[in-house]
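By convention in this document, chain letters (A, B, ...) are assigned in the order of the sequence lines, proteins followed by strands, and residues within each chain are numbered from 1.
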Protein chains: 2
Amino acid sequence: MFMSIEPMALRHAVLAALLDGEYSGYQLTKIFDIGVSNFWYAAPQQLYAELTKLEAGGLVTGREVVQRGRPNKRLFKVTDAGLRELAAFAATPAKPLLIRDDLAVKVHAVDLLDPAPVIEQLHDRAREAAAKLEVFEQLLLRLRGDLDEETFLRQGEHVGPYLSCLAGCRLERETRAWCLETARTLGERMARAGRDIS
Amino acid sequence: MFMSIEPMALRHAVLAALLDGEYSGYQLTKIFDIGVSNFWYAAPQQLYAELTKLEAGGLVTGREVVQRGRPNKRLFKVTDAGLRELAAFAATPAKPLLIRDDLAVKVHAVDLLDPAPVIEQLHDRAREAAAKLEVFEQLLLRLRGDLDEETFLRQGEHVGPYLSCLAGCRLERETRAWCLETARTLGERMARAGRDIS
DNA sequence: GAAGTCATGTAAACGGTTACATGATTTT
DNA sequence: AAAATCATGTAACCGTTTACATGACTTC
């Protein structure tokens, strides 16, 4: 059992991601790249390490799966103790969301810098956000099957992943919109400044 | 001078926050609580430590200000070397935004947990988002003075802080909306489940 | 033949958080 | 008299990131 009471945050994200089945460390890295990526980022190496710790703590169990033609893998699932841990976690007050955004720092300082590379990065980010948005929207379709959203949210059995994915959609949509607007604003200011010189 | 080339992320946020004047460590903690809080979180102790490192690296200079009735303070401003550092930072590709959200983890797992505390936390988060939104909107008003937004963005001199604040507004607005919607959905499902039992 | 995927780790360095520590002044 | 604000730090711990390491099989 774990002695520590509070921090250690990745742990709960891993438990939540494992709730709907058995996955290997490698498969988890894929899940963290897509389905969970809207609320948690983790590097692959973190996941392998975390699974080892969770297994040592009895919150997940692993079983070896022998494969032909491929390396063997270990599939993990959440134990009863793991579920209790998640329940305890869910009942304690959430910490406010902590943001740290490189690109916003650059925009904040843009008046004293060359705006061109910042504009380029805003377009990059907008493209990434659009791509993620598409992935999330596909995921929503898959999750709700042939029901429309309202019906699914009222009557579906597993709405958690759907609801968290909706948050991801909102974030990506706004990110895309802000990046494009900001890039346009900075671009127009650049154009004007160029004209003023010539 | 700093030897390391890339990570060390707080540093750039501090430089960006210091661009519009001289501030003490204590004042910086206030700025990180408000104006910068839409793209970076830092604990007070981090800021004191970071200022010390930045000064040792020549990226900021501090000057002692003797005060009566209050402890003396040190005011810091960005040096030319600091500005060059920021410029170099702004020109390198931004890392994708990394998210880690406790509350979304809980929502993701909510189907197997007691939804009541999660709903409560969603309301808490919605309230916080609304409060932050108000602060940001006041900040926007202050920043653009008596110009309307469009005119200010075209002709204003310092639009960086305004643009980054717009991102904060978008985020808080969506956060509030998602939290309230999600809380309502979960609440209605709870009510139905309660009726089904009785 | 090269690139990509499946599969899992270790170790070192870096960054962030929490707890502790101090002390004067101002406001309630 | 107590609480809040101004003002700055140290030390220990925890969590995250990066670099390194390995190897078979599959697809282009």
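Between B:F89 and B:H12, the ring-plane angle classifies as parallel under the 30° and 60° cut-offs.
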Identify the pairs formed between an N or O of the protein and an N or O of nucleotides 8-12 of chain D at a distance under 3.5 Å, and give each distance.
from, atom 1, to, atom 2, distance (Å)
D:dT8, OP1, B:R74, N, 3.0
D:dT8, OP2, B:Y26, N, 3.0

Tabulated below should be each protein N or O lying under 3.5 Å from an N or O of nucleotides 21-25 of chain C; please produce it.
from, atom 1, to, atom 2, distance (Å)
C:dT25, O4', B:G69, O, 3.3
C:dT25, O3', B:G69, O, 3.2

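For the pair A:K95 NZ and D:dC14 C1', the computed distance is 11 Å after rounding to whole Å. If you measure from atom OH of A:Y23 to atom P of C:dA7, you get 14 Å, rounded to the nearest angstrom. What separates CD of A:E50 from C1' of D:dC14 is a distance of 12 Å, to the nearest Å. Spacing between atom NZ of A:K30 and atom P of C:dG4 amounts to 13 Å, rounded to whole angstrom units. Here C:dG16 presents its C1' atom at 17 Å from CD1 of A:I99, a figure rounded to the nearest Å. Taking atom CZ of residue B:F32 and atom P of nucleotide C:dT17, one finds them 12 Å apart after rounding to whole Å. In this entry the distance linking CG of B:L47 with P of C:dG15 reads 15 Å, nearest Å. In this entry the distance linking NZ of B:K53 with C1' of C:dA13 reads 12 Å, nearest Å.
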| said: Working note: B:T92 + A:K106, criterion side chain to side chain contact (heavy atoms under 4.5 Å, CB included); need CA distance, chi angles, decisive distance, verdict. | reply: CA-CA 10 Å; B:T92 62; A:K106 295 174 188 181; 4.2 Å; yes
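The pair B:E150-B:R154 meets the salt-bridge criterion, with a side-chain N (NZ, NE, NH1 or NH2) lying under 4.0 Å from an Asp/Glu carboxylate O.
Remark: side-chain polar atoms of B:T182 are not paired, donor with acceptor, to backbone N or O of B:C179 under 3.5 angstrom. One N or O on the side chain of B:R100 and one on the backbone of A:Y41 form a donor-acceptor pair closer than 3.5 Å. In this structure, A:D101 contributes its side chain and B:F39 its backbone to no donor-acceptor pair below 3.5 Å. Proximity of a side-chain donor or acceptor of A:N38 to a complementary backbone N or O of A:F136 within less than 3.5 Å is not detected. Between the A:E128 side chain and the A:H123 main chain, no donor and acceptor come within less than 3.5 Å of each other.
Using a 4.5 Å heavy-atom cutoff, the side chains of A:L28 and A:L51 are in contact.
Between the two ends of the helix from C:dG1-D:dC28 to C:dT28-D:dA1, each summarised by a five-pair axis, the helix axis turns through 50° (rounded to 10 degrees).
Taking the nucleotide of DNA chain D with the nearest heavy atom to each of B:Q67 and A:Y41, the more 5' of the two is matched to B:Q67.
Separation of the B:F152 and B:Y162 ring centroids falls under the 6.0 Å cut-off.
Residue B:Q46 places at least one side-chain N or O under 4.0 Å from the OP1 or OP2 atom of C:dT17.
Tested against B:K77, the residues B:V60, B:D20, B:L19, B:T61 include a single side chain to side chain contact (heavy atoms under 4.5 Å, CB included) partner, B:T61.
The residue B:L98 sits close only to the backbone: its heavy atoms come under 4.0 Å of sugar-phosphate atoms, none of a base.
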